[in-house]
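We're numbering straight along the sequence, starting at 1. Start at 1 and go down the list; that is how both ligands and their atoms are numbered.
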Amino acid sequence: MGSYQEMYRRSLTEPERFWLTAAEAIDWTRQPTRALDDSRAPLYRWFPDGELNTCHNALDRHVEAGRGDQAALIHDSPVTGTTTSLTYRELLDQVARFAGVLAGLGVAKGDRVIIYMPMVPAAVVAMLACARLGAIHSVVFGGFAPRELATRVDDATPKVIVAASCGIEPSRVVEYQPIIDEALGLAAHQPDTVVILRRPQAARPLGPRDLDWDEAMSTATPAACVPVAATDPLYILYTSGTTGKPKGVVRDNGGHAVALAWSLPAIYDIHAGDVFWTASDVGWVVGHSYIVYAPLLVGATSVIYEGKPVGTPDAGAFWRVASEHGVKALFTAPTAFRAIKRVDPEAKELANYDLSAFRTLFLAGERLDPETYHWASEHLGVPVVDHWWQTETGWPIVANLRGVEPLPLRPGSPSVPVPGYDLHVVDQQGEELPPAQEGAIVLRLPLPPGTLSTLWGDDDRYVESYLSRYPGNYLTGDSGYVDEDGYVYVMGRTDDVINVAGHRLSTGSMEAVLAAHPAVAECAVIGVRDALKGQLPVGLVVLKAGVTVTEEVLREELVAAVRNEIGPVAAFRTVSVVEALPKTRSGKILRKTMRAMADGRDEGVPSTIEDPAVLEGLRGVLRGGS
Ligand SMILES: CCC(=O)SCCNC(=O)CCNC(=O)[C@H](O)C(C)(C)COP(=O)(O)OP(=O)(O)OC[C@H]1O[C@@H](n2cnc3c(N)ncnc32)[C@H](O)[C@@H]1OP(=O)(O)O
């Protein structure tokens, strides 16, 4: 593929040529003649005159090209004790039939479908069936509580919800039907139908608006691919913002297909016929891009794993899956490796498995601490490649391009900007900072294909949240620096978003839950360091005068409230009752100062602080247990 530097330069100096060439990897029903449409800048569109179908590119064309008998998906599910495989032909058959089911329910191009499913092949079938019809899917992660699902239902206004009867966590079966009922009780918008994949582990009777997946599939007529404009939305994926209202990241069809089909060989060195395993969840962007779309777009085999790194049944689970399925590369979050290391510090389980096909470990989703990097490198004996990106971008911003030119790995850095991303580090005024100086990481507009085109139904919020702080640039919300050799170092968020076990969460929405408790006068939630999950949320609450509740009871109530309102994935377990929160003299809570203290970055006491002793008193709580 040539040298990285040369490719990076070309991507920025000749973007039209670069991306039109990349677009040749995709089948179009109308070939694009232009790459970028900047007529509505700062809102950009890619391949404005192109027309395609993403599902055709992920399935039909591979079957037509003779790849029909190759495994498209391997579902490895230690929580149910099953492993099944679907060839490209079988997956196409299921997708076409489920598209027929959706069409029969009135779902057409542009309609929204919410998918609320665990890690089962049916989740992929549902996503691709939407793509086949030109409908827009929005997958909601199973670890969210009913209220979060309700918020997404009201924002996306789906015609249909596709769900499973349950997800399976190692310690419990999570029944989805009551969660959906509760969510629809809270939501103003009501879908016409809820299609339910009834799993043997839990299946309640169906209600009047429910449809049984198996029954519907048994009589379905396969639906053909509907061509859509490259600029039409493929999906909406909600991500936490600084406020309680999640942001509906909109991904288009054309730019997405081109960027992902380009990224898998270039960054991950994965090609048609290779086995790729992304151990994440289809509810996250990593799952959308690298469990579902990218592997299928290039004709690879994707492993869909319904289990955990430890406890299903042991710390050798990842090595078993990699060895049994001949996995060439694994992509997961550092937390997964920290969990394995904690249970099996000497990686003794590795000796039981043949990992001769395994070439590379990719890690992203949260900061990769050097200890985990060294542990994984030493025990696996393969390159451990950190890379950095976001739900909004949909594919890596900074990486070590293993399929282009593997560069030396530097612990602490995800390496270099990926072609298409014009990355800069700027100060408060937007001035470019010299190497090694930390500032805000921004991306010059336009962003490359495959990145978000807007927020669902809210161009203004998109511009306000990402494009207005430094005009002409996309604000990543992360700070960092670039060293003399062009390696990027990402230091952490500059806002109230935290990252718990690779899950991006809003402290603002947790604060809203705490503030609603009748005993709480004011509160703050700050992410503190945690040796396993990277960060954990810690609540600090000040009680109303005259409140008599014990700290123990209050803590239990607040923990339960966050679990019920946001979900178990928030991992909210620690609350401290404090006398006061540090504030400026004008009454603003000093969250940024507390965040810096929690990160171990002592920025000094701001001159505007009302009472420095209050901040000092919180040092122990904010430094966490690790
Ligand atoms: C680059 C762009 C991006 O960043 S996209 C996001 C990438 N992030 C990821 O891929 C996430 C990586 N993390 C993980 O996969 C998991 O956290 C791993 C490492 C496997 C650990 O899982 P686990 O032991 O369950 O811990 P956890 O912190 O995830 O879970 C906390 C509580 O939530 C629950 N939970 C989790 N998933 C679900 C689910 N799908 N449905 C229902 N509940 C779920 C867990 O059971 C756990 O509950 P509890 O508090 O123990 O009762």
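Ligand-side atoms of ligand 1 in range of G143: 38 (C), 39 (C), 40 (N), 41 (N), 42 (C), 43 (N), 44 (C), range being under 4.0 angstrom from any heavy atom. Within ligand 1, counting atoms from 1 as listed, the ones closer than 4.0 Å to a heavy atom of V569 are 33 (O). Close approach of ligand 1 to A333 is summarised as follows: ligand atoms under 4.0 Å from at least one heavy atom of the residue are 12 (C).
Here the side chains of V258 and W46 are not in contact, with every heavy-atom distance at 4.5 Å or above. Residues T507 and P537 fail the side-chain proximity criterion, which asks for heavy atoms closer than 4.5 Å.
Using a 4.0 Å cutoff on heavy atoms, E392 does not count as a contact of ligand 1. R172 counts as a contact of ligand 1, since one of its heavy atoms falls under 4.0 Å from the ligand. Within the 4.0 Å heavy-atom shell around ligand 1 one finds F141.
Of the protein's non-hydrogen atoms, K308 CD, 4.2 Å is the one closest to atom 24 (O) of ligand 1. The protein heavy-atom contact nearest to atom 10 (O) of ligand 1 is S280 OG, 2.6 Å. Counting only heavy atoms of the protein, atom 6 (C) of ligand 1 lies nearest to G502 O, 3.3 Å. R563 NH2, 2.8 Å is the protein heavy atom nearest to atom 52 (O) of ligand 1. In terms of protein heavy-atom proximity, atom 51 (O) of ligand 1 is closest to R573 NH2, 4.0 Å. Among all protein heavy atoms, the one lying closest to atom 20 (C) of ligand 1 is P309 CD, 3.4 Å. Of all protein heavy atoms, the one lying nearest to atom 17 (O) of ligand 1 is H503 NE2, 3.3 Å. Among all non-hydrogen protein atoms, the one lying nearest atom 36 (C) of ligand 1 is E169 OE1, 3.6 Å.
The proximity of P568 to ligand 1, defined as any non-hydrogen pair under 4.0 Å, involves the side chain as well as the backbone. Residue-level proximity to ligand 1 for S171 is absent, since no heavy atom of it falls below 4.0 angstrom.
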Working for ring-ring contact (aromatic ring centres under 6.0 Å, His included), residues H288 and H256: CA-CA 11 Å; H288 280 59; H256 174 255; 8.5 Å; no

Apply ring-ring contact (aromatic ring centres under 6.0 Å, His included) to Y421 and W389, showing your working. CA-CA 11 Å; Y421 290 98; W389 50 295; 9.9 Å; no

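The heavy atom nearest to atom 26 (O) of ligand 1, considering only Q390, H288, K533, is found in K533. Within the set G567, A501, P118, A364, the minimum heavy-atom distance to atom 11 (C) of ligand 1 is found for A501. Considering each of V173, I340, V286, I179, the one bringing a non-hydrogen atom nearest atom 3 (C) of ligand 1 is V286.
For atom 40 (N) of ligand 1, a protein non-hydrogen atom is found at a distance below 4.0 Å.
The neighbour count for R493 CZ, taken as heavy atoms of other residues, nucleotides or ligands under 6.0 Å away, is above 12. Residue E324 qualifies as enclosed at atom CD: its count of foreign heavy atoms under 6.0 Å is above 12.
In this structure, a donor-acceptor pair under 3.5 Å is absent between the side chains of S453 and Y462. Side-chain contact of S302 with Y293: a donor-acceptor pair under 3.5 Å is absent, judged by distance alone. Donor-acceptor pairing under 3.5 Å is recorded for the side chains of S479 and E438. Side-chain polar atoms of N473 and R444 form a donor-acceptor pair below 3.5 angstrom.
Relative to the ring axis of Y487, R410 places its NZ or CZ within 45° and under 6.0 Å from the centre.
Geometrically, ligand 1 and W389 share no nitrogen or oxygen pair separated by less than 3.5 Å.
When each of T278, L361, I291 is paired with F331, the side-chain contact (heavy atoms from CB on, under 4.5 Å) condition holds for T278 and for no other.
Between F144 and W284, the ring planes are perpendicular. Angles over 60° get that label, and only those under 30° would be called parallel.
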